[in-house]
Amino acid sequence: MIKDLKNNFFLFLVRIKQNIFIWLLKYKNQKILYIVIFIFFFINSLNILDISNHKNSTIITLYKSKSDFEDYYNASLELKEKRNPYYKEKIEQFMETIQEKIQKKEDLETIFESIKGIGTFLYPPFFAFILIPLSFFSYNVSGFIFQILQLLFFYFSIKLLFKIAQLSFHKISKRKIHFSIIVSIFAMLPFLDQNISNGNIGFLLIFLTCLSLYLFFLNHNKNISLDIINGIILGIATIVKILPGFVGGIYFTNRRYWILLGILIGILVGIFLPAIYVGWKLNMEYFTTWYELIIKSYQKYSVIRPYANNQTISAAISKLFVPFSDLKQMQYGLPLTFISIPLELIPVIIQTMNILLLGNLIIVTIFLAYIKNYEKVIFVYYLYLILLTSLLTSGISWYHSYGILIIPYFFATLYSLKKIKIHHSLYIIPVMYIWIYTVVSYKYKELLSLYSVYTWIQMLNVIILYFIIYNYIFKTIKGNIYEK
């Protein structure tokens, strides 16, 4: 009886899956879903303009903040006036007057107001520079333009993914490509929604990464000029945020070295281009400030900004063992006092884990470059691996940063439809978790975030991916030796 019920239940699930699959393959339904998705994103994109809902005091900063775009907008205003977008003057003034403020017993809110804006803009001067045209408008107008641009970037990202699929498989139906895109969007919807709702730059980075991959697949004749242009595009994306730069590993394994040269050129363009407006001296001063505040401080201390939704190795370890790394730790039994680890060892543990991940990534990349014509399924796993590694080893990867995983999810879904065997649990389990996380109450969201459950799920995925790829590498090399 129980066995029959179990069989009937699984049969019921299979039928539901089949019905959904059939429904999604109908082009009319796909068009409806695209429209619904973009209406949903457009409505949520307006959140950054709703001052009444988005001027919330945060427990960390104690000052008002509307959105990530507000930080970008303020930085572009500063740069337009040729002032330091990282508020270097405020830092210096704060350090000079903090003792006096404490002696006068000024309240915390007044003290934190004096350093408003410090540490909120995390990008190089280049990003503030390209947003200067928006700084001529009011916040609401520029925010609206920015969000429309983000939606356009996402639209063109979909177009590029479609073209990539056609270049990868010459005989694949348009409906199956759209099916893969829609499934990927829904898998990553919580992250993508956070990007657009928060006025973040995620859609721009997804677009530039997709454009680079499209040019890679398009240029099968290895035209040098097109490869260099491809690299410059990816280099510009990398100077905005390092995550897309890891895609360069794909090009190295395929021995497309002109793309790598282009990446270097793109990075240099991103570093020096703001000098056109602010001058060489000020540009180098601003870039140095960014490097000192963001990059060097992370390399030196490792434990940096481990707030709840920062899902990196650094944040995950810090929240577990470093007191006051998040002000809400105590509510959830953190830090873990029953595990005795000296605080001075925490940065060593973090750095060791990062080095192990990045070191293995370099080794895997070199081996795949040696093999060169590796299987398509390994391409899917390797793309997933490099993006996960970039997210986990980055100093700061908020939940929304993981929206870029829409690209490997698209490839995994597409290749599955072409009967290429994929380990689906690597993709499904994180998605199941993030959707559960999305629907639970705020209290449980904080609990899951502070214990960095998503980080540890993806860490396990990375370990499994290394095992799969190393296994493939050793078998391939062994087979090549026997053939010789």
Side-chain angles (χ1 to χ4, degrees), residues 68-98 114-136 142 146 200-201 204-205 208-209 212 228-248 259-302 304-305 314 354 358 390 393-397 401:
D68 285 346
F69 177 72
E70 183 184 46
D71 298 328
Y72 310 156
Y73 180 72
N74 289 335
S76 66
L77 285 174
E78 294 295 310
L79 199 68
K80 184 178 73 172
E81 300 301 324
K82 298 188 179 180
R83 293 192 296 261
N84 196 308
Y86 307 98
Y87 302 97
K88 185 180 178 182
E89 296 82 4
K90 277 191 176 184
I91 296 173
E92 292 169 348
Q93 186 181 11
F94 177 76
M95 296 305 293
E96 290 173 1
T97 61
I98 181 62
S114 68
I115 56 169
K116 182 179 179 180
I118 295 173
T120 57
F121 183 64
L122 305 176
Y123 305 96
F126 172 76
F127 188 54
F129 169 72
I130 61 174
L131 290 180
I132 284 178
L134 293 182
S135 67
F136 289 93
S142 59
F146 180 82
N200 198 265
I201 59 166
L204 169 62
L205 297 178
L208 292 175
T209 306
S212 177
I228 291 175
I229 291 169
N230 181 356
I232 291 171
I233 290 167
L234 193 62
I236 288 171
T238 304
I239 199 64
V240 174
K241 201 165 187 176
I242 197 169
L243 303 181
F246 278 70
V247 175
I259 301 180
L260 302 180
L261 176 63
I263 292 172
L264 179 60
I265 295 170
I267 290 172
L268 292 174
V269 167
I271 292 172
F272 297 116
L273 194 61
I276 295 171
Y277 180 75
V278 299
W280 179 268
K281 186 178 178 181
L282 282 179
N283 181 53
M284 291 313 297
E285 179 190 325
Y286 301 158
F287 185 82
T288 303
T289 304
W290 168 77
Y291 179 79
E292 293 284 338
L293 284 178
I294 309 302
I295 305 300
K296 195 173 179 181
S297 62
Y298 172 64
Q299 290 175 339
K300 185 176 179 180
Y301 300 110
S302 290
I304 181 172
R305 295 179 70 117
S314 172
N354 283 341
L358 292 169
S390 69
T393 57
S394 169
I396 302 166
S397 291
S401 301

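What's counted below: heavy atoms across the whole structure, side chains too, no hydrogens, waters or symmetry copies.
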| task | Look at atom CD1 of Ile265 and say whether more than 12 heavy atoms of other residues, nucleotides or ligands are closer to it than 6.0 Å. | result | yes
| request: Would you please name every residue forming a ring-ring contact (aromatic ring centres under 6.0 Å, His included) with Phe272, sequence neighbours left out? | output: Trp280
| Would you find a donor on one side and an acceptor on the other, under 3.5 Å apart, between the side chain of Asn283 and the backbone of Ile271? | yes
| Should Phe287 and Pro274 count as side-chain neighbours, where that means a heavy-atom distance under 4.5 Å? | no
| query | Any side-chain heavy atom of Leu358 within less than 4.5 Å of one from Phe246? | reply | yes
| Going from CG on Asn84 to OG1 on Thr289, what distance comes out if it is rounded to the nearest 0.5 angstrom? | 4.5 Å
| query | Between Leu122 and Trp290, what is the shortest heavy-atom contact and its length? | reply | O-NE1, 3.0 Å
| request: For Ser212, enumerate each residue passing the side-chain contact (heavy atoms from CB on, under 4.5 Å) test, keeping only those at least two apart in sequence or located in another chain. | output: Asn230, Leu234, Tyr251
| task | Heavy atoms only: give me the nearest Pro244-Thr209 pair and the separation to one decimal. | result | CB-OG1, 3.5 Å
| side-chain contact (heavy atoms from CB on, under 4.5 Å) against Tyr123, all qualifying residues, sequence neighbours excluded | Tyr72, Phe121, Phe127, Asn200, Ile201, Val240, Lys241
| said: What's the separation between atom CG in Leu243 and atom OG in Ser397, rounded to the nearest 0.5 Å? | reply: 5.5 Å
| message | Quick one, Tyr86 and Pro125 - any side-chain contact, counting heavy atoms below 4.5 Å? | response | yes
| Looking at CD1 of Ile130 and CG of Leu79, how far apart are the two atoms once the value is rounded to the nearest 0.5 Å? | 11.0 Å
| Any Phe146 side-chain heavy atom under 4.5 Å of Leu131 side chain | yes
| said: Given 3.5 Å as the limit, does a donor-acceptor pair link the side chain of Tyr286 with the main chain of Lys82, or not? | reply: yes
| In Å, rounded to the nearest 0.5 Å, how long is the span from CD1 of Ile263 to CD1 of Ile232? | 10.5 Å
| Rounded distance (nearest 0.5 Å) linking atom OG1 of Thr238 with atom CG of Leu208 | 9.0 Å
| request: Identify the two heavy atoms, one from Ala128 and one from Ser76, that lie closest to each other, and give their separation to 0.1 Å. | output: O-CB, 3.6 Å
| field | Steps toward side chain to side chain contact (heavy atoms under 4.5 Å, CB included) verdict (Val278, Phe129) | value | CA-CA 9 Å; Val278 299; Phe129 169 72; over 6 Å; no
| remark: Contacts of Phe136 meeting side-chain contact (heavy atoms from CB on, under 4.5 Å) (sequence neighbours excluded), chain-then-number -> Lys80, Ile132
| query | What's the spacing between Ser135 OG and Leu77 CG if we round to 0.5 Å? | reply | 5.5 Å
